[in-house]
Protein chains: 2
Amino acid sequence: MKDGTQTMTGEETARQRKPRSPNAPPNANGHHVSAVPAKNSDIVYQDLRRDIISMKLVPGTAIHEKEITQRYGISRTPVREAVLRLAEDRLIDVIPKSGTFVARIPLSMVREAIVARHALEAVTVREATLKASESQFMELGAIIQRQRERAEAGEEEAFHKADDDFHAAIAAAGRLAGIWDLIQQIRIQIERYRRLTLPQPGRMLKVVGEHEAILDAMKRREPDEAVNCMAYHLNKLQLDIAVFRDLWPNYFLFDPALDSELLAN
Amino acid sequence: MKDGTQTMTGEETARQRKPRSPNAPPNANGHHVSAVPAKNSDIVYQDLRRDIISMKLVPGTAIHEKEITQRYGISRTPVREAVLRLAEDRLIDVIPKSGTFVARIPLSMVREAIVARHALEAVTVREATLKASESQFMELGAIIQRQRERAEAGEEEAFHKADDDFHAAIAAAGRLAGIWDLIQQIRIQIERYRRLTLPQPGRMLKVVGEHEAILDAMKRREPDEAVNCMAYHLNKLQLDIAVFRDLWPNYFLFDPALDSELLAN
DNA sequence: TCGAATTTTCTGGTATACAAGATATATCTA
DNA sequence: TAGATATATCTTGTATACCAGAAAATTCGA
């Protein structure tokens, strides 16, 4: 329709500019850490993201850009930026000229996300088992201890923070910190599903025990065993679609092919 | 089935709207497939992405929003949208109040991307080996044949398209199509690196042979062997940083920790 | 009363203008 | 001439206005 977009060869760079050296190198991590004042769009993005993941905004909820605009006292542009980013994360659906809504949870994607996470955590723990240093083992032990304290205190949020730290530290020990970023991205899809599972009594302490088993296997430098422990640990989250379909039918997007799939397994 | 969605923390939703049924369900796949006219921002995004991945726009090149604006005859808003999406893909760096540039290739991330791809393709091919139907085997065979024809004709682009199709079909056969989307996202990071490797004579036909080996193992329903063949196939791309550091020092971002890492291996 | 056509009101997509900071250029001083 | 200062000109970030399309509300016709 428009032009052919052809063109553009080398002379694109009519004038070379020197990205000055003493600048915040676009952090390799996932998201803004630097000292620059957070952009408004980032604030809106993170707030919305948190509320969606925590199911405070349930699937199907309409997102009104204008209302957000007023609530934050900013214009539509940064709000729109945040909305678009969330759309790319598949957390909201933007329907042109109609509205934007919190996305329903695609169960088929949850299933695949669980599989993908398994595969990726397997490699990180394997590499970590092979490469971790003594100090990294000690750090992992410290994280487990912190997690146990939080579990006994019943501080769920701090407990989950320690859980995250443990897995992140394993990836770092395996020199695969970037893969942890990927795992976190995948977990977004799983997280909303997980929030709907009822907290089982004594679960937190069990998790601590499983973490200890993983660390023990790592210390013995037994990669296969470490992978097994990790798989057992992650398998705690199973996909039980029948229950959720009955309880919250409107929260999910059902893939007809998925049913027979899961029944077959 | 009307309605829906009631609920929720009330003050957030001033007024409930009903997401009409007969609409393009935000495709489960990765990126817009529907029949809606492509937005300008999508066009710019895909064009820029293609040019960056193909190294037509080399790392460090300045991206001038205004110039793109004129070239496409559109305003800054959609251009900016495309730029922001590419920034999230880590293909460009946006430096506030200064400029936006094609991102350098972080070698440490390339290394991790290769590892992650291995892990994910391993599970897809394993699942496919267990679940694939006869018709899916035939389809895979057809793709291989098409790829051979393109290889013999020396049509590199069509060859790579068939290569993609083969891997995608395997993921689909394993009922893990969503993971293929993930693999593609990971591959973006690897692709620019791969483009710098010199095309080796006869490589295309070798790839076809490796694909055949994978398919044979799948047909024999030997998951481990299929995974091995896949690993061999993917291992063709090795990370040889020394060469590239000398040839195109400005294209890469070097992680000091990475050197010792690779030398140790 | 019911259904179809029309109008009204919402939405997201786009264009444009302005603001704030960073870089490059020009100017001034010694 | 060399260095430092001031100015001009870039850049991205934000605010605002307008447009077209879709959904809902309304009106009109039988």
Side-chain angles (χ1 to χ4, degrees), chain A residues 1-2 13-24 26 32 34-45 60-88 92-103, chain B residues 2-5 13-26 32 34-45 60-88 92-102:
Chain A
M1 319 253 212
K2 296 279 169 194
T13 12
R15 187 198 51 218
Q16 283 279 14
R17 290 186 62 169
K18 146 182 56 171
R20 92 272 69 174
S21 15
N23 191 319
H32 18 62
S34 65
V36 296
K39 293 184 296 184
N40 286 336
S41 64
D42 290 333
I43 298 173
V44 175
Y45 170 78
T61 306
I63 307 247
H64 299 277
E65 289 187 358
K66 193 174 179 182
E67 184 256 347
I68 297 175
T69 278
Q70 297 165 344
R71 181 144 44 93
Y72 284 86
I74 59 180
S75 82
R76 242 192 80 195
T77 307
V79 173
R80 181 171 165 70
E81 244 172 60
V83 166
L84 289 175
R85 283 174 66 185
L86 289 164
E88 260 199 292
I92 71 175
D93 292 327
V94 176
I95 298 163
K97 315 299 174 67
S98 178
T100 83
F101 309 88
V102 177
Chain B
K2 317 189 106 268
D3 130 273
T5 343
T13 356
R15 186 197 56 216
Q16 287 275 15
R17 288 187 62 166
K18 151 181 50 174
R20 91 275 69 164
S21 11
N23 190 318
H32 11 63
S34 65
V36 295
K39 293 182 297 185
N40 285 337
S41 64
D42 290 333
I43 298 174
V44 175
Y45 170 78
T61 306
I63 303 219
H64 300 276
E65 290 186 358
K66 192 175 178 183
E67 184 258 345
I68 297 174
T69 278
Q70 298 166 345
R71 181 143 45 91
Y72 285 84
I74 60 181
S75 82
R76 246 193 75 196
T77 306
V79 173
R80 182 171 164 68
E81 249 173 55
V83 166
L84 288 175
R85 283 173 67 185
L86 289 164
E88 262 199 289
I92 70 175
D93 292 328
V94 176
I95 297 164
K97 314 299 170 69
S98 177
T100 84
F101 310 86
V102 177

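Chain letters run A, B, ... following the sequence lines, proteins first and then strands; every chain starts at 1. Worth knowing before you read on, the calculation uses all heavy atoms, side chains too, and leaves out hydrogens, waters and symmetry mates. Since we're looking at a predicted model, the values are computed, not measured.
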| field | Worked verdict on B:Tyr72 versus B:Val79 for side chain to side chain contact (heavy atoms under 4.5 Å, CB included) | value | CA-CA 9 Å; B:Tyr72 285 84; B:Val79 173; 5.9 Å; no
| task | Could you go through the side chain to side chain contact (heavy atoms under 4.5 Å, CB included) check for B:Val102 and B:Ile63 one step at a time? | result | CA-CA 7 Å; B:Val102 177; B:Ile63 303 219; 4.0 Å; yes
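Counting all heavy atoms, side chain and backbone alike, A:Thr69 lies closest to A:Ile74 at CG2-O, 2.9 Å.
Between B:Thr100 and D:dT11 there is no side-chain polar atom (N or O) within less than 4.0 angstrom of OP1 or OP2. Between A:Lys97 and the phosphate of D:dA20, there is no side-chain N or O to OP1/OP2 separation shorter than 4.0 Å. Contact annotation: A:Ser98 does not reach the phosphate of D:dG21 (side-chain N/O to OP1 or OP2, under 4.0 Å). At D:dG13, one or more side-chain N or O atoms of B:Arg80 fall inside 4.0 Å of OP1 or OP2 (strictly under the cut-off).
Side-chain contact between B:Ile95 and B:Phe101: present, with at least one pair of heavy atoms (C-beta onward) separated by less than 4.5 Å. Looking only at side-chain heavy atoms (C-beta outward), B:Asp42 and B:Arg85 come within less than 4.5 Å of each other.
Atom CD in B:Glu67 sits about 12 Å away from atom P in D:dT12, given to the nearest Å. Atom P of nucleotide C:dG12 and atom CG of A:Leu86 are separated by 13 Å, given to the nearest angstrom. The separation between B:Ile95 atom CD1 and C:dA22 atom P is 12 Å, rounded to whole Å. Distance B:Asp42 CG to C:dG13 P: 9 Å, rounded to the nearest Å. What separates NE2 of B:His64 from P of D:dC10 is a distance of 11 Å, to the nearest Å. Distance A:Lys66 NZ to C:dG13 P: 17 Å, rounded to the nearest Å. Rounded to an integer number of Å, the gap from OH of A:Tyr72 to P of D:dG13 is 19 Å. The CG atom of A:Asp93 sits 15 Å away from the C1' atom of C:dT11 (whole-angstrom rounding).
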List, with names and distances, any nitrogen or oxygen atoms from the protein found under 3.5 Å away from nitrogen or oxygen atoms belonging to nucleotides 15-17 of chain C.
from: C:dA15; atom 1: OP2; to: B:Ser75; atom 2: N; distance (Å): 2.6
from: C:dA15; atom 1: OP2; to: B:Ser75; atom 2: OG; distance (Å): 2.7
from: C:dA15; atom 1: O5'; to: B:Ser75; atom 2: OG; distance (Å): 3.4
from: C:dA15; atom 1: N7; to: B:Thr77; atom 2: OG1; distance (Å): 2.8

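Residues passing the side chain to side chain contact (heavy atoms under 4.5 Å, CB included) test with A:Ser75, sequence neighbours excluded: A:Thr77, A:Pro78. In this structure A:Ser41 satisfies the side chain to side chain donor-acceptor pair (under 3.5 Å) test together with A:Glu81, sequence neighbours excluded.
The side chain of B:Pro96 approaches D:dG13 more closely than any other nucleotide in the set D:dT14, D:dG13, C:dG12.
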